[in-house]
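What follows is a single structure, written as structure tokens, with notes after it.
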Protein chains: 2
Amino acid sequence: MRNRLEELRKKTGITQEALADRLEVSRQTIGSLESGRYNPSIVLAFKIARFFGVNIEDIFIYEEEN
Amino acid sequence: MRNRLEELRKKTGITQEALADRLEVSRQTIGSLESGRYNPSIVLAFKIARFFGVNIEDIFIYEEEN
DNA sequence: AAATAATGTCAAGTATGCTTTACATTGTTC
DNA sequence: GAACAATGTAAAGCATACTTGACATTATTT
């Protein structure tokens with residue numbers, strides 16, 4: 001699954017750390033998501049989507065990977 | 001987070017086991033989600049949403065619980 | 001009522017998401 | 001170019017998602 005987190009974050013001109021604070025997760029979690037190290041939990045996905053004012057599907061793109 | 005999985009599954013007249021097979025997860029996973037034992041991973045949430053032809057937000061309802 | 005299907009539930013194990021700590025690299029500002 | 005800010009990355013630990021196997025309960029069919 002890929003995501004547009006870095007793109008959206010940069011568009012809003014916020015740092016990884018500031019975003020992490022707003023979402024109440026660690027800076028490393030944001031970095032890990034942006035670099036594709038792992039996927040967010042559904043709860044974190046909801047928080048992220050809400051922060052950017054969009055649907056989960058607009059940020060996280062699931063393409064039937066195995 | 002609550003969800004409408006049982007409701008949607010019953011509406012389509014499918015058993016937990018049949019749904020589990022279609023989604024390639026165990027029967028216990030479906031039961032656990034329906035009973036609120038735990039939340040799905042975002043990948044499973046996508047699969048479920050796609051199976052029912054709706055958005056994740058239509059099945060899984062996140063209400064800012066702490 | 002007996003047989004079968006569907007669901008509930010529990011335990012133990014593996015995988016993944018997230019944390020903290022720590023240090024290195026890259027980018028920006030003075 | 002020195003100082004500071006932002007990001008990358010890795011290890012170890014904890015929590016949660018999901019598995020298989022097993023058995024009990026409830027619902028449905030015959």
Side-chain angles (χ1 to χ4, degrees):
Chain A
M1 196 175 62
R2 63 187 193 80
N3 71 68
R4 306 199 305 132
L5 186 51
E6 182 174 15
E7 174 194 347
L8 291 180
R9 177 180 60 80
K10 285 185 173 165
K11 194 179 294 182
T12 72
I14 194 177
T15 69
Q16 287 187 347
E17 188 157 31
L19 178 58
D21 288 347
R22 295 292 305 273
L23 300 175
E24 297 180 304
V25 294
S26 70
R27 172 180 74 81
Q28 287 83 340
T29 292
I30 300 300
S32 295
L33 295 178
E34 289 191 355
S35 72
R37 197 165 136 69
Y38 49 69
N39 296 324
S41 68
I42 193 174
V43 168
L44 181 49
F46 264 108
K47 286 185 186 172
I48 292 171
R50 256 171 222 191
F51 179 83
F52 291 111
V54 300
N55 283 336
I56 288 179
E57 285 86 350
D58 296 322
I59 307 189
F60 299 96
I61 292 97
Y62 178 64
E63 281 154 336
E64 216 72 8
E65 62 248 354
N66 307 324
Chain B
M1 196 174 64
R2 64 187 192 81
N3 70 70
R4 306 199 303 134
L5 186 51
E6 183 173 15
E7 175 194 346
L8 290 179
R9 176 180 61 81
K10 286 186 171 164
K11 194 177 295 182
T12 72
I14 195 177
T15 69
Q16 288 187 345
E17 189 156 32
L19 178 57
D21 288 347
R22 294 293 305 272
L23 300 175
E24 298 181 302
V25 295
S26 69
R27 173 181 71 83
Q28 287 85 338
T29 292
I30 300 300
S32 295
L33 295 178
E34 288 190 358
S35 72
R37 197 165 137 70
Y38 50 68
N39 296 324
S41 67
I42 192 173
V43 167
L44 180 50
F46 264 108
K47 286 185 186 172
I48 293 171
R50 257 172 220 188
F51 179 84
F52 290 110
V54 300
N55 283 336
I56 288 179
E57 285 86 349
D58 296 321
I59 305 188
F60 299 96
I61 292 98
Y62 178 63
E63 280 154 338
E64 215 73 7
E65 61 250 358
N66 298 327

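Residue numbering restarts at 1 for every chain, and letters A, B, ... go by the order of the sequence lines. If you're wondering where the values come from, they're calculated on a predicted model, not measured in any experiment. Any value given below was found using the heavy atoms of this structure, including those in side chains, with hydrogens, waters and symmetry copies removed.
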Tell me: [atom1] of [X] to [atom2] of [N], nearest whole Å?
X: Leu44(B); N: dC18(D); atom1: CG; atom2: C1'; value: 9 Å
X: Gln16(A); N: dG27(C); atom1: CD; atom2: C1'; value: 13 Å
X: Ile14(A); N: dT7(D); atom1: CD1; atom2: C1'; value: 15 Å
X: Asp21(A); N: dT19(C); atom1: CG; atom2: C1'; value: 14 Å
X: Leu19(A); N: dA5(D); atom1: CG; atom2: P; value: 19 Å
X: Asn3(B); N: dA17(D); atom1: CG; atom2: C1'; value: 14 Å

*Find the distance between CZ (Arg9(A)) and CD (Glu34(A)) and round it off to the nearest 0.5 Å.*
4.0 Å
*Spacing of Phe51(B) atom CZ and Leu44(B) atom CG [to the nearest 0.5 Å]*: 12.5 Å
*Answer whether the closest heavy-atom distance between the side chains of Ser41(A) and Asn39(B) falls below 4.5 Å.*
no
*Does Phe60(B) reach the side chain of Ile48(B), with side-chain heavy atoms less than 4.5 Å apart?*
yes
*Look at atom CZ of Arg50(B) and say whether more than 12 heavy atoms of other residues, nucleotides or ligands are closer to it than 6.0 Å.*
yes
*Would you indicate whether Arg22(A), at its atom CZ, is surrounded by more than 12 heavy atoms from other residues, nucleotides or ligands within a distance under 6.0 Å?*
no
Would you mind writing out the side-chain donor-acceptor pairs for residues 1-8 of chain B within the sub-3.5 Å range, not counting sequence neighbours?
unit_1	atom_1	unit_2	atom_2	d
Asn3(B)	OD1	Leu5(B)	N	2.9
Asn3(B)	ND2	Leu33(B)	O	3.0
Arg4(B)	NE	Asp58(B)	O	3.1
Arg4(B)	NH1	Glu7(B)	OE1	3.3
Arg4(B)	NH1	Glu7(B)	OE2	2.7
Arg4(B)	NH2	Asp58(B)	O	3.4
Glu6(B)	OE2	Lys10(B)	NZ	2.9

*Start with the C-alpha distance between Tyr62(B) and Glu57(B), add both sets of side-chain angles, then the distance that settles side-chain contact (heavy atoms from CB on, under 4.5 Å), and finish with yes or no.*
CA-CA 8 Å; Tyr62(B) 178 63; Glu57(B) 285 86 349; over 6 Å; no
*In terms of the nearest nucleotide of DNA chain C, which residue is placed more toward the 5' end: Ile42(B) or Glu17(B)?*
Glu17(B)
*Honestly curious: do Ile61(A) and Phe46(B) fall in one hydrophobic cluster under the side-chain, below-4.5 Å linking rule?*
no
*asked:* Rounding to 10°, can you tell me the angle the first-five-pair axis of the helix from dA1(C)-dT30(D) to dC30(C)-dG1(D) makes with its last-five-pair axis?
replied: 50°
*Using a cut-off of less than 4.0 Å, is there contact between a side-chain N or O of Ser41(B) and OP1 or OP2 of dT16(D)?*
no
*Quick one, which residues of residues 22-40 of chain A touch DNA chain D with a heavy atom under 4.0 Å?*
Arg27(A), Gln28(A)
